[in-house]
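Every chain is numbered from 1 and lettered A, B, ... according to where its sequence line falls, protein lines coming before strand lines. Heavy-atom basis, side chains included; hydrogens, waters and symmetry copies ignored. Here the structure is a predicted model, which is why all the values come from computation and not from measurement.
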Protein chains: 2
Amino acid sequence: MRTEVCERFGVEFPLFAFSHCRDVVAAVTNAGGFGVLGAVAYTPERLEEELRWIDDHVGGLPYGVDVLVPGRIDESAERAGRGEGDLGSVLGAIPAEHWSFVASLFEKYGVPAPDLDRRRNAAAAAGGARQVTRQGAAELIDVSLSHPIRLIASALGPPPPLMVERAREAGVAVAALVGTVEHARRQVAAGVDLVVAQGGEAGGHTGEIATMVLVPEVVDAVAPVPVLAAGGIATGRQMAAAMALGASGVWCGSVWLTTEEAETAPAVKAKMLAATSRDTVRSRSRTGKPARQLVSAWTEEWEGPGSPGALPMPLQMIVAEGAMRHIDKVAESGNEGARRLANYFVGQCVGLMNTVKPARQVVYDMIEEFADAIERLNKITEG
Amino acid sequence: MRTEVCERFGVEFPLFAFSHCRDVVAAVTNAGGFGVLGAVAYTPERLEEELRWIDDHVGGLPYGVDVLVPGRIDESAERAGRGEGDLGSVLGAIPAEHWSFVASLFEKYGVPAPDLDRRRNAAAAAGGARQVTRQGAAELIDVSLSHPIRLIASALGPPPPLMVERAREAGVAVAALVGTVEHARRQVAAGVDLVVAQGGEAGGHTGEIATMVLVPEVVDAVAPVPVLAAGGIATGRQMAAAMALGASGVWCGSVWLTTEEAETAPAVKAKMLAATSRDTVRSRSRTGKPARQLVSAWTEEWEGPGSPGALPMPLQMIVAEGAMRHIDKVAESGNEGARRLANYFVGQCVGLMNTVKPARQVVYDMIEEFADAIERLNKITEG
């Protein structure tokens, strides 16, 4: 295929695969797409190890990294990210009722209580939040740029200036996700080379403007900067649709969660395969910011009458992520209540994800469906 | 063009235009599309007059009618629709605080108080609700089928059985709007010949699943019944995208609101031309059901701390519609507060509606953009 993005990034099929799973990243790159490793809650050592593994498995083919660092580091994030030393103030910022609400959910759903050493749990979660500090982000960026990546992305807001500077020096393109035209303009002004226009049907942190409207708006607003379409896309005909809207390619995250390679918790994977497009919700209950995810007893309880309400990011993450990991583990043993609570970030396209396939097969299927869609359009217009 | 819908409905370009304005309906049909008159709050006499006018202006070219009657007639609607005789009980169902909240908004925004004869206002609104009764719906269906229409649609839920029966006898196709796969299956089981899959980015009553996800799901679920895509579509490249998703055509409503012919209130038209895709909201404040519309002081006040909350349909319509008509009128005289309150139903594609054009020009532009999008896709894939 020939789009600006294909040429610039050396890909045959402009399908960008965002995944936390290195096997997915390598499989997509090897199948003709472009894998992007989502390095959330990674230490620099862990990231180094993952990227070395990918280098060993893609034979020089193109891939990228999303370091998920925020453009503006806010104070509470800094506090949380600074780790053990500040744990007292982080814990102090979380009201007791939030911890007891989580404990009451475990009791209500018959989930055995987890390790209740809040200090240790919070330390683990805060460690994960380290990358949202300036120092933590810089380390991850440096590790990334020491590998032959072609793209570095930041999923949360505009890329920090240091990312743009260092990527420029290394000759690596910078990408950023946006949910509005205003954000797209700001990103381009901040030096972004590739804009990912992500509609509200996407999984994870997302806005409210749908892909069908957002993509043409952003394409017009940032031209000639190339745009990838994201949000709700899991099939080749949707990819053809996105490119009819003016996108130079697509960025998919959800579709990999039900692949053979994905490390999705088994109970959650089963839910995703059974889910329809109605079974997601934009909820603050996992991170503190609106993020689309499977509807589950967890999201419903946090919206319910007994809920203390979600805390701001990253405090809600500290409250939620340890609990969700515990829930996934207990669900695996067959605990019914844990299965009801379990969920994960996923877009509305979960309704189109109905079979487990290897990641490379997802790419091959999308290539075929894409070609079919173009052929159908041509047949229609020949008439 | 050649799609099932083009052949079945005798149209050159499968663009269905939903409009309350007969001039738009005729202009689109005459330009090669398919106009659909939205007969909301019409008496049978008024509908007869409008359809006769359209017949006189389209020279036998195809068009349709959307009578906006619900499949299930609920009790409060029946009560409201039975008119004067039941006004006491209708008014009784509306708490005094809702009337005084509206009065307080007029005062707060410096809008001269309207005619406060609630009985008369409610009677007028209840008259408009007549079509949601069995008898009222049957009259509108009969009037419609006495004209050479090719399509009859019902925008609110599955078509009532009497619509399907009478349309079948008359050889007229029945269409219905759906927001989920489950509704689509139910509509087809109820005898619908054409499904309009409407994404959550649409204006008016709408669900939460985006067009990008809903269309392929519905296409697969109801095949071989043809599907029109709706929701967020205002340009030819979006139409190409919709057809890449598997739709046989598109159904557009919002885009006509800023045409020369549209009867949109001037203050609202100006707001739409200036609006971005962020300036809409799904709100219950006009009808009692979630309907996407321009954000305005009206929608914000009904969500605000002093609001008594929206009533169920059709009670909220009785409270809101008289007030909104008054606001539109006062806004025309330049009253700033009225301008801030004024709004109307419109989809997120309002961000793409930036110039006033004749309706036929909208069709011509969409035809050209559609062809450009197909050409671009072919260039990409030739590579």
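- With a threshold of 4.5 angstrom between heavy atoms, A:Ser277 approaches chain B through its backbone and through its side chain.
- Residue A:Glu12 places its CD atom among 12 or fewer non-hydrogen atoms of other residues, nucleotides or ligands, all under 6.0 Å distant.
- Taking chain B as the reference chain and counting heavy-atom pairs below 4.5 Å, the highest number among A:Pro216, A:Ala373, A:Gly231 is found for A:Pro216.
- For the 3.5 Å distance criterion, the side chains of B:Glu382 and B:Asn378 fail to qualify, holding no donor opposite an acceptor.
- Of the two parts of A:Arg376, only the side chain, counted from C-beta on, holds a non-hydrogen atom closer than 4.5 Å to a non-hydrogen atom of chain B.
- Ranked by non-hydrogen atom pairs under 4.5 Å with chain A, the options B:Arg278, B:Glu201, B:Met243 are led by B:Arg278.
- For chain B, the nearby part of A:Glu182 is the side chain; its heavy atoms alone come within less than 4.5 Å.
- Contacts with chain A were tallied for B:Thr276, B:Thr180, B:Val215; B:Thr180 has the most, counting heavy-atom pairs under 4.5 Å.
- Between chain B and the residues A:Glu208, A:Met239, A:Gln238, the largest count of heavy-atom pairs under 4.5 Å involves A:Gln238.
- In this structure, the portion of A:Ile374 lying under 4.5 Å from any heavy atom of chain B is its side chain and not its backbone.
- Between A:Thr206 and A:Arg282, the shortest heavy-atom contact is O-NH2, 3.0 Å.
- Contacts of B:Ser285 classified as side-chain contact (heavy atoms from CB on, under 4.5 Å), with partners at least two apart in sequence or in another chain: B:Ser283, B:Gln293, B:Trp298, B:Thr299, B:Trp302.
- A:Asp220 and B:Arg237 are joined by a salt bridge, as a carboxylate oxygen and a charged side-chain nitrogen come within less than 4.0 angstrom of each other.
- In this pair, B:His205 and B:Phe345 present their aromatic rings tilted. The plane angle is within the 30 to 60° band.
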